[in-house]
Every structure is written in structure tokens, then in C-alpha cells.
Asker: 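One structure coming up, written as C-alpha cells, with questions to follow.
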2 protein chains.
Amino acid sequence: MRIVEKTSCETCDHKCDIFLTSKEMGLEQELHPRQVVYKKYESICRQNTAVTHAIILCEGNAKMYIEGINGKNIILNILMPSNYIGLLAVFGTPNYSYNVSALTLCHTCHIDIETIKKLYYHNHNFLIQLNQAFGSSVSAIMKKLISLNQKQLRGKVAESLIYLSQLYGSNTFSLTITRKELGELSAISEENAVRVLTEFKNEGIIGLNGKVIELLDLEVLHKIYTIG
Amino acid sequence: MRIVEKTSCETCDHKCDIFLTSKEMGLEQELHPRQVVYKKYESICRQNTAVTHAIILCEGNAKMYIEGINGKNIILNILMPSNYIGLLAVFGTPNYSYNVSALTLCHTCHIDIETIKKLYYHNHNFLIQLNQAFGSSVSAIMKKLISLNQKQLRGKVAESLIYLSQLYGSNTFSLTITRKELGELSAISEENAVRVLTEFKNEGIIGLNGKVIELLDLEVLHKIYTIG
DNA sequence: TAACAACATTGATCTGCAACAACTTTTTAA
DNA sequence: TTAAAAAGTTGTTGCAGATCAATGTTGTTA
């Protein structure tokens, strides 16, 4: 993990709300962002540790997950550039309630939590914006609750595939995660993740070539996703 | 459902943050709270409908739940007086992502959502307070995700029993919910909820007398809860 | 490029739980 | 006060999905 001090948030200044807001307020000199680079597999933040910084993902992919019983995790979502890592933790709870770790090389921007608080004390819209993102995360988690509890294998995998295609913005995408992680994203075992993938392939619903997945029959996939 | 117009929020003015904040700001005349009474079983708010009011539960018990596939619901928590109904929905999402319905006769206090927004535009602490409550709800839901997915019958029921005893603040409490609802709270079938209760009773872990449950061996119960 | 580790795949087995059925008890309302 | 409905209880059965095991494939590093 290399830490590079920067006077401005170079890699994310075009997308990142925190930077834009601070600029608008003439506070950008006070942000003191630090650019931190994480290697693949490295942990960006850990469940039950203190939230000391707001972290913005500038480049790369990361997974947000919660630790389950005897090493079985559930991946909540995959983070893309410009996502807040720590959004769900900025408020209220002093500790992270989840883990984030790097799926690829990740460039992140760290800003001290006290600076953020200063920002949202002075700027209502910023706080309200954070709130809205917060709110939609909550409803996403509730949907996940139902899926994990009441859908079966095929429905869960269909859901993950649709999620991933929307995330990558294409019906053809290369998985940045392993089959084991696809299982964790669907909250099923690795073996069953593989099994369902091959089923879908044999039924002509998806194309499968190693890490590259192509959604061929979106209609059927949506049906499987909806019915469960 | 009877609606009674009030010039002040009579039943909740001692506990309710919204009322206290508005008082402090000299805004209490503008709150226009309406006291609304719901009978047992009545729906207080419905999933996927617009959030038009902040609702505070002043008297009675209610259940917050999400609708699953073919009528199988999951109860997220039991609401007690002074709880915000709609806390999780106030921000961002224009629609409720869950249902709330009355378990007993419920007195609630409705305040127009625009009034609330006015309040938190003028009062940072109020917004930050809401945020904190919001944040702890999120970590509660995450814990629930793991439990529902990875624990088995006994662990889930143990969790519900501990939750209820903490809610009622006593090791002996009378269930306001049915066995079917205890099942929904634990995300298991009604039959298995009953079965595990009798098991626990036979093992001397709990005392069971109709609706009255007494937690006898908290240590063992916690162990079952932790291990799953 | 050999050797090992990580990842992927497939079949076989076992277990936990939902679903069904049949019954008793309690609650509700006519 | 009584009939009907709702809630609670118990045993049985079948199936979904985790786990185990064996093997194939790809990737990494000395």
C-alpha cells in the first residue's frame, strides 16, 4: 500500500461530489485529500473498525461484503469508480458495519472525517445528497433480504447476472470476480454457482467462456429473476 | 381509521424529537400534526406507495415488514412508542420500501413531509440525529442478512427471542405477535417456529405458557444465537 | 518449463427445512 | 352460548441446496 500526498484530488476531481462541493465553497484547500493505492486482494476497510476517513473509489473495482459465520461472506455489491466507500458508515455508527476489499488495483481518495463534517455542516445540499444515496442503498439491501431468503438458486444467480450487466453497462462482460465470489454475491455455494451457470449456458440463456459472460436471452433471465 | 385534527402533538410531545425541535425553533405552530388512530391489523403504510408524511408511533405496537414472494413476509422489527415509522423512507426514496401495520391499537402522529424538510433545512442537528438513527438501522439490517442466510432454525428463533426480550426490557414477556409472525420475524415457517419453541421448553431454556414466554437460561440461548 | 497453487467443474451424498395433513385449542362474532 | 374461524400443535414426506470428494484447468513463480 503506497500513500501519496496530493494537494488536490487529482484522479477524481471530475466526478466526486465532495470535491465539487468543497470547490463551490472555496474549501478545496482545506480538504487535504490523500491518494491511497491498494493492490488486488488488499482490504480497504474492515468491519468493526473505526470510520476515520471518507474514502472515494477513483479507479478500479472493489467488493463490499459482510462477514458471516465460519468464513462464509455475503457480497452486498461491487463498487465502481466515483462510489463512496464508507457512505453507509459516514453517519451515526462509529464503526464500519461491512468490509471493502480491492478486486483490482484501486486508487482511492481519503479525506478526514472531520473535514467532511465541516463540509456538511456548511452545505445542506451536500448532506441531503448523501442522504439520498444512503436511502437508496437501504432499499437495495431490503430487496436483497427477500431474494436471499426466498428465491432459489436460479433466481439468485439470475439476479446477480442482471446486476453485473447493469453495473458494467453491457450484456457482455468479463467477470472481475471468481465463481466463489459470484456465489457470495448470490449467497449460495461456489459449486451451485457453477452448476447454475452451466445450466443457463446449456439452455441458451447465457453464453459462457471462462470469465466472459454474455446475456443472450434477457427476457427469460428476467422471468427467472422475477419468479425466483 | 379515525382522523383527529389536533393543534399540537398531544400524545407524543414528551418524547418526539420532531416536536421538541420545532418547539426550540418556534415552529411548533406550523407543524400541523394530525393524530391518526389505527385499529389492530390495519395498515399504517404500504410498500411502494408515496411517502407523504412523517409518522411517529405514539402508543401501541406495530410491525415493520417487507413483502416476499407468494405472500411470505419478513418482519424487520417491532415498533414501539416514540419510534419513527417512515424513518427509513424519509430521505431519497419517494416510496416506502416496506410495510408497517398495527399489532395493537395504535396512536400515531402525522406531519406533512414538506414541514419536516423545512425543519431539517433549518436545523442541522435534527438532520444529523435522523441520520444517526438511520445509520444504526442499516447495521441492524446487515446483521439480519447474515442471520437469515446462514443460521439455522434454533439460531434464528433464539435471536428473535433475545430481540423481543430486549424490546420489552424483561426476560418474561407476553408476545404481541402470533406464532406465524414469530416465524416471519425469524424468516422460518410457522410450524418450525412452534417446534423450536417446544424444543426450547423441553430443554428448560425457556418457559412457555401460551403467549407468555420466559427466558430461563440466557447463557445457553446466547450460545445458540451466536453459533447459529 | 516444471511444479505448485488457485480456480473451476461435476457427480454423489446427506441434512435441514418447507409443505402437507390431521388434529386440538382458543378466539371471535353472530 | 354456540358455531365458525383463527391460531396452535405434531408427525410425516420430499426436495433444495450444502458439503464432500475427485478431477480438470488455468495461472504463477522459481
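A, B, ... follow the sequence lines: proteins, then strands. Residue 1 opens every chain. All values below come from the heavy atoms of this structure, side chains included, with hydrogens, waters and symmetry mates left out. Computed from a prediction, not measured in an experiment: that's the story for all the values here.
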Asker: Of the listed nucleotides (C:dA18, D:dA18, C:dC17), which one gets closest to any side-chain atom of B:Q152?
Answerer: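 Looking only at heavy atoms from C-beta outward on B:Q152, the closest nucleotide is C:dC17.
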Asker: With the side chain counted from C-beta on, respond yes when B:H110 and B:Q35 share a heavy-atom pair under 4.5 Å apart, and no when they do not.
Answerer: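 Contact flag for B:H110/B:Q35 side chains = no.
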Asker: For B:N209 and C:dT25, what is the distance between atoms CG and C1' respectively, to the nearest whole Å?
Answerer: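 So the two atoms are 13 Å apart, to the nearest Å.
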Asker: Once you round it to whole Å, what is the distance between C1' of D:dG27 and NZ of A:K40?
Answerer: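 Between C1' of D:dG27 and NZ of A:K40: 10 Å.
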Asker: Of the non-hydrogen atoms in A:S43 and A:S101, which two are nearest, and what is the gap between them?
Answerer: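 Heavy atoms only, the tightest pair is CA-CB, 3.9 Å.
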Asker: Is the shortest side-chain N/O distance from B:K211 to OP1 or OP2 of D:dG8 below 4.0 Å?
Answerer: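 Looking at the OP1 and OP2 atoms of D:dG8, one of them is under 4.0 Å from a side-chain N or O of B:K211.
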Asker: Categorize A:S189 for me: base, sugar-phosphate, or nothing, with a 4.0 angstrom heavy-atom threshold over every strand shown.
Answerer: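 Base: the residue A:S189, judged by heavy atoms under 4.0 Å, touches a nucleobase.
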Asker: Choose from D:dG8, C:dA18, D:dA18 the nucleotide whose nearest atom is closest to any side-chain atom of B:V194.
Answerer: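 The answer is D:dG8, which lies nearest to the side chain.
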Asker: Are B:K151 and B:Y225 in a cation-pi setup, meaning NZ or CZ lies under 6.0 angstrom from the ring centre and within 45 degrees of the ring axis?
Answerer: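 Cation-pi check for B:K151 and B:Y225: passes.
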Asker: Can you tell me how far C1' of C:dG16 sits from CD1 of B:I188, to the nearest Å?
Answerer: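 Value for this atom pair: 12 Å.
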Asker: Between C:dT10, C:dA8, C:dA18, which one does the side chain of A:E191 approach most closely?
Answerer: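 Nearest to the side-chain atoms of A:E191, counting from C-beta on, is C:dT10.
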Asker: With DNA chain C as reference, determine whether B:N192 or A:Y41 sits nearer its 5' end, using the nearest nucleotide of each.
Answerer: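 Of the two residues, A:Y41 wins.
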Asker: Please give, in whole Å, the distance from D:dG17 P to A:Q150 CD?
Answerer: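 It works out to 13 Å between those atoms.
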Asker: Quick check: do A:L182 and A:S160 have side-chain heavy atoms less than 4.5 Å from each other?
Answerer: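 The answer is yes, as the side chains (C-beta and beyond) meet within the 4.5 Å cut-off.
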Asker: How many whole angstroms separate atom NZ of B:K156 from atom P of C:dA18?
Answerer: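 Distance check: B:K156 NZ to C:dA18 P gives 7 Å.
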Asker: Give a yes/no on whether any side-chain N or O of A:T198 is located under 4.0 angstrom from OP1 or OP2 of C:dT10.
Answerer: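 Yes, because at least one side-chain N or O of A:T198 sits under 4.0 Å from OP1 or OP2 of C:dT10.
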Asker: If you check every side-chain atom of A:R195, which of D:dT19, D:dG8, C:dA8 has the closest atom?
Answerer: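 Looking only at heavy atoms from C-beta outward on A:R195, the closest nucleotide is D:dT19.
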Asker: Looking at A:E190 and C:dC7, is any side-chain donor or acceptor paired with a base atom of the opposite kind under 3.5 Å?
Answerer: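 For A:E190, whose side chain was compared with the base of C:dC7, there is no donor-acceptor pair (under 3.5 Å).
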Asker: Between B:R154 and A:R179, name the one whose nearest nucleotide on DNA chain C is closer to the 5' end.
Answerer: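 The residue whose closest nucleotide sits nearer the 5' end is A:R179.
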Asker: So which heavy atom on A:G68 is nearest to which on A:N73, and how close?
Answerer: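 What the structure gives for the nearest pair is N-OD1, 3.6 Å.
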Asker: Check the distance between D:dG8's C1' and B:L182's CG and give it to me in whole angstrom.
Answerer: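 After rounding, the reported distance stands at 12 Å.
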Asker: Rounded to whole Å, please give me the gap between CG in B:L197 and P in D:dT10.
Answerer: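 Spelled out: CG on B:L197 to P on D:dT10 is 10 Å.
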Asker: Figure out the NZ/P separation between B:K180 and C:dT27, and round it to whole Å.
Answerer: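 Result: 19 Å.
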